[in-house]
Amino acid sequence: MLPFLLILPVVSTLAGGLLALRFRRNMPLLIAAAAGLLLGAAFLDLLPEALDLGAKQRLGGADVLGLTLGFFLLFAAIESGLDALTEREAGAQKTLRRVAGGLLVFHSFRDGMAIGAAFAASHTAGYAVALGIGAHDLADGMNTIILTTRGEKARWPDYLFLGLDAMAPFVGGLLTVWWLISSRDAVILLTLAAGFFLQMATSDFLPQVRRHEGNRRWLLGAVVGGAGVIYLTNRLLAG
């Protein structure tokens, strides 16, 4: 039954990525939604989990948030340096976006672990967690395509990232019992991902939303809606 449950986030992630490809012409709206999704994932998903794990490792909230801030500033400095390399900017930015895609793959792997752990504790809990993560991963699939393509025509590496992101929860769920990364390592990885998502949303996506010359009310609504999706799916998972 567990492998069947793990198929749900796989299908959901692929559906989200295909939706992003289908509506590529509405990229300003998608970028606005992606900004909300990234902010929601950082503040409502990654950081709360990092704080919980940190407390078990006797790491204070200031330590966890300090790590996040450090990674945020590190990625901001890297992007600033890449912007200075004007002749290689396009390729450098594409590399940076694919690093973000890789972090989403890691996040999806942990989603699969959550399904596996919940199912091991209770089949009912496993069903509830799988349903919530399935809804959550629809947004992850969209984010994967938006981050790696940024409105350009998708190439094979972009499809590869979408495939990896889709399969990550399936693999994570099956390998839950053999998970060897310590809680302290997980805190570092979670704060790294949160710092990256915050930097990407505030330094890249939101400025594009502000520069858009169309009706910004729809774009603002998309940002709020993206964050709201993360909030609602997390509430579903908590229930």
Side-chain angles (χ1 to χ4, degrees), residues 8-48 72 75 79 93-94 96-108 110-111 131-154 158-159 161-166 168-169 193-237:
L8 180 61
V10 173
V11 174
S12 179
T13 302
L14 288 174
L18 293 175
L19 280 173
L21 288 170
R22 172 65 178 82
F23 296 102
R24 186 162 54 93
R25 293 181 180 179
N26 302 103
M27 191 51 63
L29 197 62
L30 289 176
I31 286 177
L37 290 168
L38 289 176
L39 290 172
F43 283 114
L44 304 175
D45 193 357
L46 299 174
L47 285 177
F72 174 87
F75 289 124
E79 185 175 41
Q93 291 295 334
K94 183 168 289 189
L96 194 63
R97 295 198 298 268
R98 286 174 178 165
V99 169
L103 290 174
L104 281 173
V105 172
F106 162 74
H107 187 209
S108 295
R110 287 185 62 85
D111 283 347
L131 182 61
I133 284 178
H136 183 281
D137 282 356
L138 186 70
D140 275 357
M142 292 181 63
N143 264 339
T144 300
I145 289 297
I146 294 168
L147 282 170
T148 57
T149 66
R150 283 289 299 281
E152 301 171 6
K153 184 177 179 180
D158 304 317
Y159 288 109
F161 270 107
L162 179 60
L164 290 173
D165 193 31
F196 198 112
F197 289 176
L198 289 172
Q199 190 275 329
M200 184 68 68
T202 58
S203 301
D204 196 352
F205 285 10
L206 288 179
Q208 288 189 65
V209 172
R210 291 182 60 189
R211 289 195 298 266
H212 185 65
E213 297 179 354
N215 190 336
R216 294 183 184 176
R217 285 180 297 179
W218 287 103
L219 299 181
L220 178 60
V223 174
V224 175
V229 166
I230 301 297
Y231 175 79
L232 290 175
T233 53
N234 282 346
R235 291 287 294 178
L236 180 60
L237 287 173

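Just so it is clear, the structure is predicted and the values come from calculations on it, not from any experiment.
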What heavy-atom pair brings [X] and [Y] nearest, and what distance separates the two atoms?
X: G226; Y: L37; answer: O-CD2, 3.2 Å
X: F43; Y: P48; answer: O-CD, 3.3 Å
X: A201; Y: A35; answer: CB-O, 4.0 Å
X: L162; Y: G17; answer: CD1-CA, 3.8 Å

Quick one: does T202's side chain have a donor or acceptor within less than 3.5 Å of a partner on L198's backbone? yes
For the [atom1] atom of [X] and the [atom2] atom of [Y], what is their distance to the nearest 0.5 Å?
X: L18; Y: Y159; atom1: CG; atom2: OH; value: 8.0 Å
X: L220; Y: L206; atom1: CG; atom2: CG; value: 10.0 Å
X: T13; Y: L8; atom1: OG1; atom2: CG; value: 9.0 Å

